[in-house]
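First the proteins, then the strands, lettered A, B, ... as listed; each starts at 1.
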Protein chains: 2
Amino acid sequence: MTTLVEVARAAGVTAATVSNVLRNRGKVGEETRQRVLEAVERLGYRPNLMARALVEGKPHTMALLVSSIANPFYPEFALEVERAARKLGYFLLVCNTNEDPAQERAYLDAIGGALAQGVIVMNADFVQLDALQDLRRRGVPVVLCMWERPQEPPPLPCVAVDLYQAGVLAAEHLLRLGHRRIGVVCGGEPGGNHRWRLRGFLDTLEQAGAALPPSCLRHGHDTIDGGRDAAHRLLAGGPGLTAVFATNDLPAVGVLQAAAELSLQVPGDLSVIGVTDIQLARQMRPPLSTVAMPTTEAAALAVQLLQSEIDASPDHVPPMRVTEAPRLVVRASTSAPRREGILGGADSGD
Amino acid sequence: MTTLVEVARAAGVTAATVSNVLRNRGKVGEETRQRVLEAVERLGYRPNLMARALVEGKPHTMALLVSSIANPFYPEFALEVERAARKLGYFLLVCNTNEDPAQERAYLDAIGGALAQGVIVMNADFVQLDALQDLRRRGVPVVLCMWERPQEPPPLPCVAVDLYQAGVLAAEHLLRLGHRRIGVVCGGEPGGNHRWRLRGFLDTLEQAGAALPPSCLRHGHDTIDGGRDAAHRLLAGGPGLTAVFATNDLPAVGVLQAAAELSLQVPGDLSVIGVTDIQLARQMRPPLSTVAMPTTEAAALAVQLLQSEIDASPDHVPPMRVTEAPRLVVRASTSAPRREGILGGADSGD
DNA sequence: CTGAAAGCGCTAACAT
DNA sequence: ATGTTAGCGCTTTCAG
């Protein structure tokens, strides 16, 4: 590998001068400049980023910690983050823990070891807030992304999206269409990460006088298969549902599949709506109505916030940035119920 | 940030000893060892990876260069690569060029500047083999991944998958089902990356005496929309096709959508088959039959090959690793034609 | 078994 | 305008 001194020697100058030329630090005569540039070109010199990082006290790298290979949302989001990070001159290191705590620890240690200047951690059920707080106390900038409840901030810098509101929007949409017998598939355990979306949905229904009976709520894994299973359990209960809200797009896709397996037309027999707006949502037939998260904005905010954490003094109250509200995206998987209670009637069942 | 000397001071030893303890270089008394370990723990010390990389002459990082945010195959593949790289003790830097040559250059320069120890480049139409060869000549390990034609290796180390064979398998499958009036949607320009799959498909048809007339071949972008457009053009030609081969899953999904828009039942009216087996293929209704690429193996081979390039002397003939052959995955999007030429008849049209 | 010293490639004062 | 010097945090001979 060509080094600075080799270039310097080739150009008949000293290392400092070459450095100055390369960093445009002025203070260099035009003629020398040319000679240096020519030598750089001729030798194919590329500055050693490690050395530079060491002396400057910072690698030009941000890390993104994601948990799961299975959830297509993360790659989609990662690319948004990469874009935003690049604009600020950072490289993005994608750290995929695959839900393995040991792997997560290993990555956090590496980041603590200046592998990256800071880390954006995707919020998920399993994140260890304590471990992240430790890391932050040790001086490593940490940003939690996709915190779901702006009203109750975590003890860490975070980007929050109001997902209670997402539940509200989904409920309002279904109510407006005339649905009254609605089911819910919740991704994850009760009390898990999706609880705010769920609560927003349930509260809105209740306020409309259409409170959801417990039998119409099923929990399942936050995956396509989990959604399908939960939907089968839900629909087998047979209370003549005309619509299903899934707390995430992945399980919503599972609901779509379950509907197909039960020969239910979507949206004719059953309307389905999810949350997030992953690419897959658009690609389903029928395309999935959903409440879109502002992912691009969240990614940008996360990167900005991490940057300001990097610049900030180590000890300060963890700031929070809130994205714009999620917004309803109506596609073809929701419509007015074909007839009230076609699958059991409004006044049968329960 | 805590440094080695601080730990050393805290433990009443010198930096070298701490280093020895941490690297398990023996030569350390048990009692000292404990004292050091305790100090490390107490101070929350993490070795600075940049410094280590600098002195060792290598960052523990591999880079993966991908071109497109839009193609879901890349994220899927990236996570496989990350996994394989991690097993060898590397971090993975995902470099997304977004098809911007300037961005690609910037990344390659950074990698040349020891940002990563080597780079895996996804083969795509636009890759500049020259630029990569330059990089390699400058001593940066480069591996080209997903080269589609093992019989004609590129001038770079590569992982090849025999995609001619993929075309053969798709053709054999359709022929075996009894299809004779078959259409093709090719992702990308004629002469582009997909030419081998296409040729394998066409050759096989021809050998079976069912050569494909030019009117039954359409080119389009290697995307869902591109596939849908091409399928519309193809099916509007109206030669009573009973099956369509798309050279990639993404356009195959587009064909599925076009079929739905034309009220064609899949597979009853039209069988559809793709190539790759991305996750989306499983998730379509009906799930897409396809010729699966050995992506996990390809990712592992690419990482291994890059490792051996890192170890190897800089000048040697570029090696090639060939994966196992692609394999047919039959799902519900292909079946025997319902009736020969239901959409025009075997002897009408043309 | 432990310490001292040199140096990885680069940058940033400070001198000249 | 250019050169000299010192060090970033770590590893690694080589002495003690």
Side-chain angles (χ1 to χ4, degrees), chain A residues 1-37 39-40 43-61 109-117 138-140, chain B residues 1-37 39-40 43-61 109-117 138-140:
Chain A
M1 205 190 29
T2 325
T3 74
L4 201 57
V5 276
E6 296 178 313
V7 175
R9 211 164 11 228
V13 294
T14 181
T17 304
V18 178
S19 179
N20 281 335
V21 170
L22 262 33
R23 312 295 301 257
N24 283 319
R25 285 216 167 288
K27 305 154 174 285
V28 178
E30 184 52 29
E31 188 248 357
T32 330
R33 214 182 102 79
Q34 285 311 326
R35 238 176 332 131
V36 169
L37 255 20
V40 165
L43 299 176
Y45 168 73
R46 296 291 176 279
N48 184 317
L49 268 19
M50 294 295 146
R52 194 175 268 183
L54 181 57
V55 60
E56 286 178 347
K58 56 194 175 196
H60 299 206
T61 307
D109 279 352
I111 294 162
L115 210 218
Q117 237 165 305
R138 255 196 264 117
V140 180
Chain B
M1 201 190 29
T2 324
T3 74
L4 200 56
V5 276
E6 295 177 317
V7 175
R9 206 156 25 217
V13 295
T14 183
T17 304
V18 178
S19 179
N20 281 334
V21 169
L22 263 32
R23 313 297 304 259
N24 283 319
R25 286 218 166 287
K27 306 153 173 281
V28 177
E30 184 52 27
E31 188 247 357
T32 329
R33 214 181 102 79
Q34 286 310 327
R35 237 177 331 131
V36 169
L37 255 21
V40 165
L43 299 177
Y45 168 74
R46 297 290 177 277
N48 183 317
L49 268 21
M50 293 295 144
R52 194 176 269 183
L54 181 58
V55 59
E56 286 177 348
K58 58 195 174 195
H60 299 207
T61 307
D109 279 352
I111 294 162
L115 211 217
Q117 238 166 307
R138 255 196 264 118
V140 180

- Would you name the heavy atoms of A:Thr3 and A:Tyr45 that are closest together and state the gap between them? C-CE1, 3.6 Å
- Separation between CG (B:Leu49) and CG (A:Leu115), nearest 0.5 Å, reads 4.5 Å
- Message: So B:Thr14, base contact, sugar-phosphate only, or nothing? Heavy-atom distance under 4.0 Å.
- Response: base
- Item | Lys/Arg N to Asp/Glu carboxylate O, A:Glu56 vs A:Arg23, below 4.0 Å | yes
- Message: Is there a side-chain contact between A:Ser19 and A:Leu4 in this structure, where contact means two heavy atoms from C-beta onward sitting under 4.5 Å apart?
- Response: yes
- Message: With a 4.0 Å cut-off on N to O distance, would you call B:Arg9 and B:Glu6 a salt bridge?
- Response: no
- Item | Where B:Asn48 and B:Met1 come nearest, the two heavy atoms and their spacing | ND2-CE, 3.6 Å
- Separation of atom CG in A:Asn20 from atom C1' in C:dC10, rounded to whole Å: 12 Å
- Query: If you look at every strand shown and take non-hydrogen atoms under 4.0 Å, does A:Gly29 touch a base, only sugar-phosphate, or nothing?
  - Reply: sugar-phosphate
- Interatomic distance, A:Lys58 NZ vs C:dT11 P [rounded to whole Å]: 13 Å
- Query: Expressed in angstrom and rounded to an integer, what is the separation of A:Leu43 atom CG from C:dG9 atom C1'?
  - Reply: 15 Å
- Side-chain touch A:Arg52/B:Leu54, heavy atoms, less than 4.5 angstrom: no
- Message: Here's a test for you: under side-chain contact (heavy atoms from CB on, under 4.5 Å), which of A:Val21, A:Asn20, A:Val28 qualifies with A:Val36?
- Response: A:Val21
- Could you tell me whether the side chain of B:Met50 reaches within less than 4.5 Å of the side chain of A:Lys58, counting heavy atoms only? no
- Could you tell me the separation between the CD atom of A:Glu56 and the C1' atom of C:dG9, rounded to a whole number of Å? 12 Å
- Shortest non-hydrogen separation from B:Ala11 to B:Ala39 and the atoms involved: CB-CB, 4.0 Å
- Item | Outermost nucleotides of DNA chain D that come under 4.0 Å of a non-hydrogen atom of chain A | D:dA1 to D:dG9
- Message: Using C1' atoms of five pairs at each end, report the bend of the helix from C:dC1-D:dG16 to C:dT16-D:dA1 rounded to 10 degrees.
- Response: 40°
- DNA chain C: B:Gly12 or A:Val5, which has the more 5' nearest nucleotide? B:Gly12
- Item | Shortest non-hydrogen separation from B:Val18 to B:Ala8 and the atoms involved | CG2-CA, 3.6 Å
- Query: Going by heavy atoms closer than 4.0 Å, what residues in residues 44-55 of chain A are next to DNA chain D?
  - Reply: A:Leu54, A:Val55
- Identify whether any heavy atom of A:Thr3 sits under 4.0 Å from a base atom; if not, whether one sits that close to sugar-phosphate; answer base, sugar-phosphate or nothing. sugar-phosphate
